[in-house]
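Here the structure comes first, spelled out in structure tokens, and everything after it is commentary.
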Amino acid sequence: MAQAQFPPLTNDLLLRAARGEQTDRAPVWVMRQAGRYLPEFRKIRENHEFFEVCRTPDLATEITMQPIRRYAGLLDAAIIFSDILVVPQAMGMEVIMNPGPHFPNPLNTPEDMEKLPREVDVEKELGYVFEALTLTRKTLAGQVPLIGFSGAPWTLMMYMIEGGGSQTRQKSKTWLFKYPEASKQLLERITDVCVRYLIGQVNAGAQLLQIFDSNAGDLSPYDFSKFALPYLKRIADEGSRGFEGATTPCHPRDVARLTDGIIDGRTITMQGNLDPVVLYGGKEAIEREVKRMCKAFQDARGGACKAWIANLGHGITPGVDPEDMKFFLECVHKYSAVS
Ligand code: CP3
């Protein structure tokens, strides 16, 4: 599939920071920026089921655009409205949002993997995401870059086995120890779909790919190196191969803190990491904490604003006042700027 033609990008701060370059201020976007804290989002959700929105390109585009319009000039990226659980759906599993994710038939034993189709036609199963990306990229008209995303294999495996969110992750972690070979097969199968899904997203118009490994922190460093990292590496290598301009930041939640962003002597781009709960603390707290975060990142970069994308440490939550989100964005603009 040839890459479509789109209007030129006028704000490329995000892409430059992702490549490790110096920027005048930090680019900022927020996970779940199109979400339940916005009244305009809740209004659409009154009449449409969650996955119906994901599967309807016009609705997914409209919702993706809501925060871009509301916070015009303040947000530096759009992230396509979808969910990481569209991949298990594409692999043949039923998922409903009620109000959190629920799999009526989770994978209980390795035999259950046999029930999933061996071949996944990514274009057929996930073409609606590609359509939504293309439509959104056109609608954005170059204002800000468009982020595509996927869950990481281990995080998706956990949902497919637990059947939903889980505090203990007992079932999915049991698989790793009781059925290590079957676990690796499952992780490979998920990775195969993720790679093709991400390549399809770039072809459809995504300019940066985000991998959410929300359950990375549940694994010991040794198990992370065995059951998570090899598949993330495959995604980074194969998912973005040949697609100049697409980088793949990973969001490995709760893994050991990387404070200076230097690995193997190389500066890596960091993203984050204001505690989302600060947005409930009122303007004084938001300003104070954003100032502190900006200073910490600049100090780590020798006083420059470089290789840093400002974001919350996790998704924005439904109770946040949209005006406080606006103030957060304004504070990032103000305090991350290096004169
Ligand atoms: O960031 C964005 O604005 C893009 C949209 C997006 C959603 N989910 C929409 C959503 C993204 C990037 C995700 C990623 C996602 N989904 C992750 C990885 C990041 C993370 O949260 O750790 C995970 C684990 C999921 C699975 C998922 N989807 C859960 C656990 C839930 C329930 C949690 C909650 O906040 O209620 C969802 C539902 C969901 N996905 C909502 C949104 C806006 C809220 C549900 C609704 O609209 O009713």
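First listed ligand is number 1; within each ligand, the first listed atom is number 1.
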Go through ligand 1 atom by atom and flag the ones less than 4.0 Å from a non-hydrogen atom of Tyr159.
-> 24 (C), 30 (C)
For ligand 1, which atoms, with element, lie under 4.0 Å from some heavy atom of Ile80?
-> 4 (C)
Part of Met97 within contact of ligand 1 (heavy atoms, under 4.0 Å) = side chain
May I have the list of side-chain donor-acceptor pairs in residues 176-185 shorter than 3.5 Å, sequence neighbours left out?
unit_1: Ser183; atom_1: OG; unit_2: Trp175; atom_2: O; d: 3.1
unit_1: Ser183; atom_1: OG; unit_2: Tyr179; atom_2: O; d: 2.9

Asp112/Lys115 ion pair, N-O < 4.0 Å = yes
Does at least one non-hydrogen atom of Gln210 fall below 4.0 angstrom from an atom of ligand 1?
-> no
Closest contact, heavy atoms only, Thr269 versus Trp308 | CG2-N, 4.3 Å
Which of the atoms in ligand 1, numbered in the order shown and given with their element, are less than 4.0 Å from a heavy-atom of Phe149?
-> 11 (C), 12 (C)
With hydrophobic residues grouped by side-chain heavy-atom distances under 4.5 Å, do Met31 and Phe149 end up in a single group?
-> yes
If you compare Tyr37, Phe41, Phe50 by their heavy atoms, the one closest to atom 39 (C) of ligand 1 turns out to be Phe50
Under 3.5 Å, N or O to N or O, is Asp83 touching ligand 1 that way?
-> yes
Per-atom filter on ligand 1: closer than 4.0 angstrom to a heavy atom of Gln33 are 3 (O)
Electrostatic pair Lys295-Asp299, nearest N-O below 4.0 angstrom = yes
Could you see which bit of Ser82 sits under 4.0 Å from ligand 1, with heavy atoms only: side chain, backbone, both or neither?
-> backbone
Shortest heavy-atom approach to atom 1 (O) of ligand 1 - which of Met158, Arg32, Arg36, His314 | Arg32
If you draw a 6.0 Å radius around CZ in Arg69, do more than 12 non-hydrogen atoms from other residues or ligands fall strictly inside?
-> yes
For ligand 1, which atoms have a heavy atom of Pro101 less than 4.0 angstrom away?
-> 27 (C), 29 (C), 30 (C), 31 (C), 32 (C)
Are any of the N or O atoms of Thr155 closer than 3.5 Å to those of ligand 1?
-> no
If we only count N/O pairs under 3.5 Å, is Trp29 in contact with ligand 1?
-> no
Greater than 12 external heavy atoms within 6.0 Å of Asp321's CG | yes
Strictly under 4.0 Å, does any heavy atom of Gly165 approach an atom of ligand 1?
-> no
Compute the ring centroids of Phe50 and Phe81, then answer whether they are less than 6.0 Å apart.
-> yes
Who passes side chain to side chain donor-acceptor pair (under 3.5 Å) against Glu94, sequence neighbours left out?
-> none
